[in-house]
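It should be emphasised that the depicted structure is a prediction, and the values quoted were computed from it without experimental measurement. Residue numbers start at 1 and run along the sequence shown.
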Amino acid sequence: MRETTPVRGRLRPAPVRPAGWWFDAVLLAALVGLTAALAAGMLFGIDRAVADWADAHRPTAARWIAIVLNYLGQGTPLTLIAAGLAVLLAVRLRSVRPLLVPVTAFVLTLLTIGPLKVWTARPAPSASSKEPFLPAERTLPLFQDDLPVRFAQSYPSGHVANAIVWYGVIALLLAPLLAGLGRAMPRALVLVVRIVPPAVVLGTTTYLGWHWLTDSVAGLLLGLLLDRLLHRVPWDDLPLPGPLRNWGGPFTTWP
């Protein structure tokens, strides 16, 4: 007789807060609406006012403190930290599932943040004070495709979006690692890890004039949307190819 294989139940998204897809729709609509408003030449006054205020209130000491704090949003170190935690958890559990999280996050951010920056083609506030030395009024609009790509990648803020995504991944991986050591990850610590660094990055990247305020808000909206997508994935139930099934133990519900 031919051996039958068990039928896998339908995958269900993992729960997120707030529950339901309505909040995802709100985030997406807000991002689209913000982009459309900027494309129509709206909100430039707010961006200009915030950038001018920051320029007038940036003493040397505050500038250097902001630069140091802004490293909390560096994508490459965050990716390496998340990958390291995933490897530790994978070795400890002898499961490939933890590795799926940073890989998916990397692919998701690669396919969204960078292409959006290139498509919207917006210079940073500093583009008027250093190369390419644009007139101040020309640093605000989107879709300046005549500029070299390296001078027009301000919208949305990759630092902010990356910080939200990668600190969410780090929190997701830290919880089972601490559980394996007999220590529960306090809810307060989860909130600190997921909220404080992105908030600091949003504030510093705007204060330093590296992004317009609306760039940072767009990064916030995109980051939250990507974070919710990642946390909806039922990592412990994803089907694995045959050779990896013996290395498919759960990790989000471990130990």
Side-chain angles (χ1 to χ4, degrees), residues 11-21 23-24 26-27 68-93 95-113 156-205 216-217 219-238 248-255:
L11 289 176
R12 296 178 179 271
V16 293
R17 294 182 181 180
W21 290 93
F23 192 65
D24 304 70
V26 168
L27 292 171
V68 172
L69 291 175
N70 194 257
Y71 277 101
L72 289 171
Q74 290 289 333
T76 299
L78 289 175
T79 302
L80 294 176
I81 291 171
L85 292 174
V87 170
L88 285 175
L89 194 55
V91 170
R92 187 173 179 84
L93 298 178
S95 172
V96 299
R97 291 189 182 276
L99 302 176
L100 301 177
V101 184
V103 171
T104 304
F106 178 79
V107 172
L108 198 57
T109 54
L110 183 68
L111 295 179
T112 54
I113 299 173
S157 169
H159 272 63
V160 175
N162 273 315
I164 294 172
V165 169
W166 287 111
Y167 282 104
V169 169
I170 288 170
L172 180 64
L173 296 170
L174 268 180
L177 272 175
L178 291 177
L181 299 174
R183 301 183 64 181
M185 188 169 179
R187 176 67 180 169
L189 179 57
V190 174
L191 293 176
V192 168
V193 171
R194 298 194 63 186
I195 294 176
V196 173
V200 170
V201 171
L202 188 152
T204 55
T205 199
S216 297
V217 173
L220 172 68
L221 295 171
L222 177 60
L224 288 173
L225 182 59
L226 297 180
D227 176 77
R228 285 175 64 83
L229 291 176
L230 285 167
H231 280 79
R232 285 183 183 278
V233 178
W235 301 106
D236 290 346
D237 299 323
L238 292 178
F251 76 96
T252 62
T253 55
W254 176 83

Residues at least two apart in sequence or cross-chain that pass side chain to side chain contact (heavy atoms under 4.5 Å, CB included) with Ile81, listed by chain then number, are Leu85, Ile170
Taking all heavy atoms of [X] and all of [Y], pick out the closest pair and write down the distance.
| X | Y | answer |
| --- | --- | --- |
| Thr205 | Ser216 | CG2-OG, 3.3 Å |
| Leu224 | Ile164 | N-CG2, 3.8 Å |
| Arg194 | Ala171 | CG-CB, 3.9 Å |
| Val201 | Ala163 | CG2-CB, 4.3 Å |
| His231 | Ala14 | O-CB, 3.4 Å |
| Tyr167 | Leu72 | OH-O, 2.8 Å |

Whether [X] side chain and [Y] backbone form a donor-acceptor pair below 3.5 Å:
| X | Y | answer |
| --- | --- | --- |
| Arg97 | Trp235 | yes |
| Asn162 | Gly158 | yes |
| Arg12 | Pro234 | no |
| Asn70 | Thr204 | no |

Supply the atom-to-atom distance [X] [atom1] to [Y] [atom2], rounded to the nearest 0.5 angstrom.
| X | Y | atom1 | atom2 | value |
| --- | --- | --- | --- | --- |
| Thr109 | Leu78 | OG1 | CG | 10.5 Å |
| Leu225 | Leu220 | CG | CG | 11.0 Å |
| Leu230 | Leu172 | CG | CG | 8.5 Å |
| Leu93 | Leu177 | CG | CG | 8.0 Å |
| Asp24 | Leu229 | CG | CG | 6.0 Å |

For residues 98-108, which side-chain donor-acceptor pairs fall under 3.5 Å, sequence neighbours excluded?
| unit_1 | atom_1 | unit_2 | atom_2 | d |
| --- | --- | --- | --- | --- |
| Thr104 | OG1 | Leu100 | O | 2.6 |

Contact check, side chains of Arg232 and Trp21, non-hydrogen atoms, under 4.5 Å
yes
